[in-house]
Amino acid sequence: MAHVATPSPYLQLEEAPATGIIYLDNGATSFPKPEVVYSFMDNFYRHYGVNPGRSGFDLCLEAGSLVDETRKLLCKFFGGTDPNRLVFGYNSTDALNLAISGLIKPGDHVITTHLEHNSTLRPLWHLGEHGAEVDWVDFDQDGWVDPQEIIDKIRKDTRAVVMNHGSNVIGTLQDVAAVGKVCRERGVHLILDLSQSAGMVPVRMDDLGADVICFTGHKSLMGPMGIGGMYVREGVQIEHTRAGGTGVRSAQRHHLDEYPWRMEYGTPNLPGIAGLNAGVKWVEKHGVEAIHRHEMALWTRLRDGLRAIEGVTLYCAGDVPGRERIAVLSCNVDGLEALDTGTMLDVDYNIACRTGLHCAPMVHEHLGTDRIHGAVRFGIGPFNTEAHIDAAIHGMAEIAAMQRRKK
């Protein structure tokens, strides 16, 4: 019988720009960006960098055309039906603040989880101090939230469930579709934080049962910093919490009610939108599933390598049948502060990673890592290679061996 070669799970990316370091902090921001993102941003801003939608001259129309095209591109990418309900903002934090403050009021009941980033936690804590009631659902020892625990907390006065899709600390991908199905049935809004998952795994509005999805452009959508936004499902009206210029019906005293202007204010980030346009097209060209397969193959290589090192502790990194995750892994060297481990990886091995509490304090409180100032987080991206992962394993092995010799 002829031997059939097993296809490689890894991407072959000829356009990977040189960085000079081994960059494993893609959970914070993807770096480097595809070369096409840099070149398109530069070219578009040089030639069409005027205020879109404010005048009728050709450059203005060209700038506005890019904004409209990018709305349509992202609407399709997320499975939306009306591009006008794709709203641009600074990032997912900006979008989450708009969605949470515009949908949840004092006296409302809201449900969230201990896996959340401060972009969700802080707006909800603020609302809780002003009369909203917030219920919290913890995650299990493997890092997943049981959807039924969220569903069981839904009451007649529940206004919304707010939760992230993928954890930025432990990489677990939550079963938000099971929650979304019940939320739709009971008239409860589901607001999703897609900061980690957008561009890393397929995201379709109806499949997840979401009313509002909030995304950032600078992570797995491969765009620049300072651009993001949300998609608001038809029939969902977020109340105004801001007001300002739109370039449309300037004589009107009140801010416009129609989307997208309902949730957009002032001059948009045109170079950011241009970079996001190029980034999403790059992701679509290579395929979300193919990128995720590449990243998870590297994640498994990293997890298995670190697991074999004496004195390295991994957090929620086990394989659980039927459960999915994204390419984020957190760990510590026993007896070392995460910051010290990260500094050694940087100075001695030229490896960039993220240390600390990762803006997600309740995750670390659950894991017990808050008492040791957090963890070392590796975030894998499409431009990472097997050599990068092997270097990280080697570095962690030497740091752990040095720490053992000190004891």
Side-chain angles (χ1 to χ4, degrees), residues 26-28 30 74 77-80 86 91-96 99-100 110-121 123-124 137-140 142-147 149-151 160-184 188-222 228-233 280 283 288-289 291-292 295-296 299 316 320 322-330 358-360 362-363 377 379-381:
N26 288 280
S30 56
L74 285 162
F77 189 84
F78 291 126
L86 191 289
N91 43 50
S92 52
T93 299
D94 184 44
L96 283 161
I100 290 169
V110 59
I111 304 166
T112 190
T113 82
H114 287 168
L115 279 172
E116 306 310 311
H117 186 277
N118 275 337
S119 55
T120 293
L121 294 179
L124 290 178
V137 176
D138 205 354
F139 55 96
D140 64 22
D142 296 309
W144 279 274
V145 173
D146 182 350
E149 289 192 29
I150 296 176
I151 293 166
V161 173
V162 188
M163 61 187 297
N164 69 33
H165 190 197
S167 169
N168 71 308
V169 180
I170 53 178
T172 49
L173 201 64
Q174 302 308 311
D175 185 4
V176 296
V179 177
K181 180 177 182 295
V182 176
C183 284
R184 284 281 176 92
V188 175
H189 293 305
L190 176 60
I191 304 170
L192 290 183
D193 175 2
L194 303 184
S195 299
Q196 295 294 324
S197 61
M200 188 174 278
V201 295
V203 174
R204 312 292 291 179
M205 287 283 295
D206 281 344
D207 291 348
L208 300 180
D211 287 315
V212 183
I213 57 170
C214 300
F215 64 92
T216 195
H218 70 99
K219 298 182 191 284
S220 293
L221 292 176
M222 306 307 290
M230 61 181 160
Y231 185 90
V232 184
R233 186 174 68 86
V280 173
V283 170
V288 174
E289 292 88 349
I291 293 171
H292 184 53
E295 292 174 349
M296 288 310 301
W299 182 92
C316 299
V320 179
R323 299 294 183 91
E324 297 181 83
R325 63 169 65 247
I326 54 178
V328 171
L329 188 149
S330 288
H358 312 105
C359 300
M362 297 183 88
V363 178
R377 185 187 71 186
I380 298 168

Peer 1: How long is the straight-line distance from CD1 of Ile150 back to OG1 of Thr113, given to the nearest 0.5 Å?
Peer 2: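 Reported to 0.5 Å precision, the distance equals 6.5 Å.
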
Peer 1: Do Leu329 and Trp299 come within less than 4.5 Å of each other through their side chains, counting heavy atoms only?
Peer 2: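 The answer is yes; the side chains approach within 4.5 Å.
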
Peer 1: Once you round to the nearest 0.5 Å, how far does CG of Asn164 lie from NE2 of His117?
Peer 2: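 Here the interatomic distance stands at 9.5 Å.
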
Peer 1: Counting only N and O atoms by type, is there a donor-acceptor contact under 3.5 Å from the side chain of Ser92 to the main-chain atoms of Gly229?
Peer 2: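 Checking the backbone N and O of Gly229 against the side chain of Ser92, no donor-acceptor pair under 3.5 Å is found.
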
Peer 1: Indicate the atoms forming the closest heavy-atom contact of Leu208 with Val203, along with that distance.
Peer 2: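 Heavy atoms only, the tightest pair is CD1-CG1, 3.8 Å.
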
Peer 1: Enter the distance from Thr112:OG1 to Ile100:CD1 here, rounded to the nearest 0.5 Å.
Peer 2: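 So the OG1 of Thr112 and the CD1 of Ile100 are separated by 7.5 Å.
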
Peer 1: State, to 0.1 Å, how close Asp211 and Arg184 come at their nearest heavy-atom pair, and which atoms those are.
Peer 2: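 In terms of heavy atoms, the two residues are closest at OD1-NE, 3.8 Å.
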
Peer 1: Kindly state each residue pair satisfying salt bridge (Lys or Arg N to Asp or Glu O under 4.0 Å) with at least one member in residues 212-222, sequence neighbours excluded.
Peer 2: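 Found none.
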
Peer 1: Grab the two heavy atoms, one from Val169 and one from Ser330, that are nearest each other, plus how far apart they are.
Peer 2: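 Where Val169 meets Ser330 most closely, the heavy atoms are O-OG, 2.6 Å.
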
Peer 1: Decide yes or no on side-chain contact (heavy atoms from CB on, under 4.5 Å) for Ile291 and Val283, but give the supporting numbers first.
Peer 2: CA-CA 8 Å; Ile291 293 171; Val283 170; 4.1 Å; yes

Peer 1: Please find the pair of heavy atoms, one from Trp144 and one from Val320, that lie closest to each other, and give the distance.
Peer 2: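 What the structure gives for the nearest pair is CZ3-CG2, 3.5 Å.
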
Peer 1: Using a 3.5 Å distance criterion without hydrogens, assess whether the side chain of Arg377 forms a donor-acceptor pair with backbone atoms of Asn168.
Peer 2: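 Answer holds: yes.
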
Peer 1: Backbone N or O of Gln174 within a donor-acceptor pair of the Arg325 side chain at under 3.5 Å?
Peer 2: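 The answer is no, because no donor-acceptor pair under 3.5 Å joins these two groups.
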
Peer 1: Provide the full list of side chain to side chain donor-acceptor pair (under 3.5 Å) pairs with a residue in residues 197-206, sequence neighbours left out, each pair given once.
Peer 2: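 Of all non-adjacent pairs touching residues 197-206, those that pass side chain to side chain donor-acceptor pair (under 3.5 Å) are His165-Ser197.
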
Peer 1: To the nearest 0.5 angstrom, please state how far the CD1 atom of Ile213 sits from the CD1 atom of Ile191.
Peer 2: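 Reported to 0.5 Å precision, the distance equals 12.5 Å.
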
Peer 1: Could you check Val176 against Met163 for side-chain contact (heavy atoms from CB on, under 4.5 Å), going step by step and ending with a plain yes or no?
Peer 2: CA-CA 8 Å; Val176 296; Met163 61 187 297; 3.6 Å; yes

Peer 1: Considering non-hydrogen atoms only, spot the tightest contact between Pro147 and Val179 and give its length.
Peer 2: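 Scanning both residues, the minimum pair turns out to be CB-CG2, 3.9 Å.
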
Peer 1: Is Thr172 close to Asp142 at the side-chain level, that is, under 4.5 Å between some pair of heavy atoms?
Peer 2: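 No. Closest side-chain heavy atoms not under 4.5 Å.
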
Peer 1: Without swapping roles, check the side chain of Asn118 against the backbone of Leu121 for a donor-acceptor pair under 3.5 Å.
Peer 2: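 Absent.
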
Peer 1: Working to the nearest 0.5 angstrom, can you tell me the gap between Leu173 CG and His292 NE2?
Peer 2: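 If we round to the nearest 0.5 Å, Leu173:CG and His292:NE2 are 7.0 Å apart.
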
Peer 1: Calculate, to the nearest 0.5 Å, the distance between atoms CG and CZ belonging to Asp146 and Phe139 respectively.
Peer 2: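 These two atoms lie 14.0 Å from each other.
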
Peer 1: State, to 0.1 Å, how close Gly27 and Gln196 come at their nearest heavy-atom pair, and which atoms those are.
Peer 2: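 Taking every non-hydrogen atom into account, O-NE2, 3.0 Å.
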
Peer 1: Are any non-hydrogen side-chain atoms of Val328 and Ser167 less than 4.5 angstrom apart?
Peer 2: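 Side chain of Val328 against side chain of Ser167, heavy atoms only: no contact under 4.5 Å found.
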
